[in-house]
Amino acid sequence: MVKSLRRVKIAGLSTYVPPKVLTNADLETLVDTTNEWILQRTGIKERHIVGPGVATSDLAKEAACGAIRQAGITAADLGFIAVGTTTPDTIFPSTACLLQHKLAASHAWGFDVGAACSGFVYAFTTAMQMVATGSTDHALAVGADVMSSIIDYTDRATCVLFGDGAGAVVLAAADDTEPAVIDFAHEIDGSGGPALCMPAGGSRMPASHETVDKRLHYVKQDGATVFKFAVRKTEEICRRILERNHFDPSQVDLFVSHQANRRIITAAADRLGLPESKVIINLEMYGNTTAATIPLALADAIRQGRLKKGDLVLLASVGAGFTVGAVLLRWSL
Ligand code: UT7
């Protein structure tokens with residue numbers, strides 16, 4: 001039985017992107033698009049793409065090993081693994097199981113979290129609960145996606161947006177004086193399902209010659225609908241989590257939004273009254289890596305010297321489903 005909840009901190013963070021780069025110039029040779037259109041409408045310059053045979057658990061393993069090392073533990077110390085992904089290696093077994101085996105995390109149980117672009121934030125919150133309740137001292141939360149495996153490189157409306165990558169954090173118990181996670185706020189709205197989905201390959205429409213011929217195993221998106229929902233909900237969820245913890249947006253030191261489109265991030269930040277100096281945008285280098293964008297942005301913020309211990313950090317995501325998420329924390333690394 002749970003008696004009292006423990007405070008939880010990030011003890012390690014690491015990310016990984018595959019070496020191969022797909023530039024806007026490369027895409028100009030594949031579809032009817034231009035570097036100018038992509039830059040102006042999305043802010044993306046290039047994205048990283050896996051080579052043949054490389055899957056989500058491979059990227060996840062690279063990120064996880066770094067996070068485990070930074071936390072000063074071994075994989076055997078992990079009691080739980082949550083992997084946020086939309087592109088599992090296989091429908092089953094779960095990528096969490098494959099990752100557990102690759103890491104030799106002999107004492108961990110876990111599962112995949114299907115929350116699309118909110119995958120990292122939802123995996124983080126799930127793993128955090130395992131530590132908060134005392135069920136384990138160390139939990140791994142991963143956001144990893146090989147979006148190139150479900151992108152139609154003949155569809156200019158989607159193929160310019162996405163890239164591959166992974167990020168992982170180790171969560172551990174914090175003592176009373178250490179910076180820690182403060183709160184999370186999530187919601188889902190299934191009415192948005194058709195706006196962003198992969199129609200075939202599940203139980204509704206199993207794979208067949210027809211589904212392949214009709215290119216139904218790829219991402220389909222009504223971009224404008226997702227765009228408007230993302231701007232509105234990012235602001236709404238951020239205001240809610242700040243207000244209920246008695247913070248004003250001006251007290252946020254770093255706003256780390258899901259990286260789907262530069263215009264979504266700046267519109268949400270403007271509505272919250274956050275200046276550019278408090279917003280991290282790194283999608284020009286990676287595109288939208290779905291569950292990996294937030295850890296990739298955190299890692300870049302650290303590299304740029306924009307995160308210091310104790311900073312108030314606000315994570316926010318909107319993704320297919322729709323899924324909406326926010327996490328408020330004091331930076332602990
Ligand atoms: O991660 C969470 C999920 N995803 C998102 O958050 C993405 C949300 N949506 C978006 O980022 C934007 O809606 C897009 C970047 C996808 C599209 O930008 P937009 O400003 O909403 O453009 P649009 O879809 O309204 O299209 C404008 C025009 C269209 O031409 P017409 O119909 O006006 O003649 C498109 O066919 O731009 C055309 N277009 C392109 N042109 C050149 C669409 N994609 C391209 C392209 N290159 N790659």
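Just follow the structure's listing: the first ligand is 1, and inside any ligand the first atom is 1.
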(message) Show, in sequence, the C-alpha distance, side-chain angles and deciding distance for Val226 and Gln221, and conclude whether the side-chain contact (heavy atoms from CB on, under 4.5 Å) test is met.
(response) CA-CA 8 Å; Val226 179; Gln221 175 172 240; 3.7 Å; yes
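- Contacts of Phe111 classified as ring-ring contact (aromatic ring centres under 6.0 Å, His included), with partners at least two apart in sequence or in another chain: Phe80, Trp109.
- The pair Asp189-Lys233 fails the salt-bridge criterion, with no side-chain N (NZ, NE, NH1 or NH2) lying under 4.0 Å from an Asp/Glu carboxylate O.
- Scanning for salt bridge (Lys or Arg N to Asp or Glu O under 4.0 Å) contacts around Glu210 gives Lys214, with sequence neighbours left out.
- The side-chain hydrogen bond (donor to acceptor under 3.5 Å, both in side chains) pairs that include a residue from residues 40-51 are Asn24-Arg47, where partners are two or more places apart or lie in different chains.
- Dense packing is recorded around CD1 of Ile182, with more than 12 heavy atoms of other residues, nucleotides or ligands lying under 6.0 Å away.
- Near ligand 1, residues Asp32, Thr33, Trp37, Arg41, Thr42, Cys117, Arg156, Ala157, Val160, Leu161, Leu196, Gln221, Gly223, Ala224, Val226, Phe227, His258, Ala260, Asn261, Arg263, Ile264, Asn288, Val318 each place a heavy atom inside the 4.0 Å sphere around the ligand atoms.
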